[in-house]
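Notes follow the structure.
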Amino acid sequence: MAELPRAVERLVDLALEEDLSLGDATSEATIPAEATGRGRFLSKDDLVLAGTAVAVRVFERLGASCRFDLPDGARADPGQFLGVAEGPMRALLAAERTALNVLQRLSGVATATRRAADALASAGGRTRVHDTRKTTPGWRRLEKDAVRAGGGLNHRFSLGDGILIKDNHVAACGGVAEAVRRARARGNAMLRVEVEVVDLAGLEEAIAARADIVLLDNMDDAAMAEAVRRSGGRVLLEASGNMTLERLPRVAATGVDFVSMGALTHSARAADVSFEVEPGPR
């Protein structure tokens, strides 16, 4: 029984406690304690699979075994079997909902990311999609893992692993150039400095102040293309705000390096996965 990272193990603890703190009244009333069985996971969507290790762990915690035939990041078609769990029937039924919640949520994130990455690639450029910190509280590591499974990149995991000067920082410092100057003077030399700008004048300030990355916030496609021209490769450019699948090929065509999308995690639709059980030998 391989352990997951401590934060994920805590999340499994909380999820199982949420469902089983008073036991399983239905299974205890209807299923003999000695009954065994197996259940199969079935994809009912076009999806990219994610969250399998956590789903396996949920079954293991309750005394059942579980395995998946596909790795995280694999595509699955509707009707495709994904994996199987076996063991005490009561354990299978108790683990079912928690395991499906994880698989459906994280596969939804991976699927949304894959669609965004494919839309960017359709423009024939090198623009990559990455996530944001707009994640479900407590689920950040899992959701960011799912973004990678879908072909995306991770941005910051926390406030401490990168300097990202946002609009409120700029306002508090009195301008883009001053905010970047302070970050350069007081920040960790190992951390890249990124600053958000809303127009081309802000871009020029950021470049002059020696920012490493400039976030182009809510700029239209023409302004982003001009920002790429003006920067001339001196800084990395990230586009953010009002990103949709339909727009992504046009954004990639401007030549920006990255597109960040909070929707990958905060608005991903859960993938449709079912779990079908059958009794074991009597």
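With sequence neighbours excluded, no residue forms a salt bridge (Lys or Arg N to Asp or Glu O under 4.0 Å) with Glu28. Applying the salt bridge (Lys or Arg N to Asp or Glu O under 4.0 Å) test to Arg10 and every residue at least two apart in sequence or in another chain returns nothing. Residues satisfying the salt bridge (Lys or Arg N to Asp or Glu O under 4.0 Å) criterion with Glu204, sequence neighbours excluded, are Arg230. For Pro5, the side-chain contact (heavy atoms from CB on, under 4.5 Å) partners two or more places apart in sequence, or in a different chain, are Val8, Arg141. Residues that satisfy the side-chain contact (heavy atoms from CB on, under 4.5 Å) test with Ala270, not counting sequence neighbours, are Gln104. Applying the side-chain contact (heavy atoms from CB on, under 4.5 Å) test to Leu153 and every residue at least two apart in sequence or in another chain returns Arg128, His130, Phe258. Residues satisfying the side-chain contact (heavy atoms from CB on, under 4.5 Å) criterion with Thr111, sequence neighbours excluded, are Leu47, Val48, Arg115.
At a threshold of 4.5 Å between non-hydrogen side-chain atoms, the residues Gln80 and Leu70 count as touching. Looking at heavy atoms from C-beta onward, Thr36 lies out of side-chain contact with Met89 at the 4.5 angstrom threshold. Side-chain contact between Thr127 and Val259 is present, with at least one heavy-atom pair separated by less than 4.5 Å.
When only modelled atom types and interatomic distance are considered, Arg97 and Asn101 share a side-chain donor-acceptor pair under 3.5 Å. Ser65 and Glu60 share no donor-acceptor pair across their side chains, judged by distance under 3.5 Å alone. Thr254 and Asp221 share no side-chain donor-acceptor pair at under 3.5 Å.
Every pair tested for ring pair (Phe, Tyr, Trp, His ring centres under 6.0 Å) that includes a residue from residues 204-241 fails, sequence neighbours excluded, so the list is empty. Counting only residues at least two apart or in different chains, ring pair (Phe, Tyr, Trp, His ring centres under 6.0 Å) contacts with residues 73-109 are absent. Counting only residues at least two apart or in different chains, ring pair (Phe, Tyr, Trp, His ring centres under 6.0 Å) contacts with residues 199-229 are absent. Sorted by first and then second residue, the ring pair (Phe, Tyr, Trp, His ring centres under 6.0 Å) pairs with a member in residues 25-68 read Phe41-Phe59, Phe41-Phe68, Phe41-Phe275, Phe59-Phe275; sequence neighbours excluded.
Between Glu143 and Arg105, at least one side-chain N (NZ, or NE/NH1/NH2) sits under 4.0 Å from a carboxylate O, which counts as a salt bridge. Salt bridge annotation for Glu276-Arg40: absent, with no cationic side-chain nitrogen under 4.0 angstrom from a carboxylate oxygen. Using a 4.0 Å cut-off between charged side-chain N and carboxylate O, Arg61 and Asp13 make a salt bridge. Between Asp161 and Arg156, no side-chain nitrogen of the basic residue sits less than 4.0 Å from a carboxylate oxygen of the acidic one, so the salt-bridge criterion is not met. A salt bridge links Glu226 and Arg229; the closest N-O separation between the charged side-chain nitrogens and carboxylate oxygens is under 4.0 Å.
Leu159 belongs to no hydrophobic cluster, as no Ile, Leu, Val, Met, Phe, Trp or Tyr side chain comes under 4.5 Å of its own.
Counting only distance, with no hydrogens or angles, the side chain of Ser27 and the backbone of Asp24 share no donor-acceptor pair below 3.5 Å.
Atoms CG and CZ, on Leu4 and Arg57 in that order, are 6.0 Å from each other to the nearest 0.5 Å. Atoms CG and NE2, on Leu164 and His155 in that order, are 5.5 Å from each other to the nearest 0.5 Å. Taking CE of Met243 as the start and CE of Met261 as the end, the distance is 8.0 Å to the nearest 0.5 Å. One distance of note links CG of Leu103 with CG of Leu82; it measures 8.0 Å at 0.5 Å rounding. Taken to the nearest 0.5 Å, the CG atom of Asp217 stands 10.5 Å off from the CG atom of Asp199.
Atom CZ of Arg192 has 12 or fewer heavy atoms from other residues, nucleotides or ligands within 6.0 Å.
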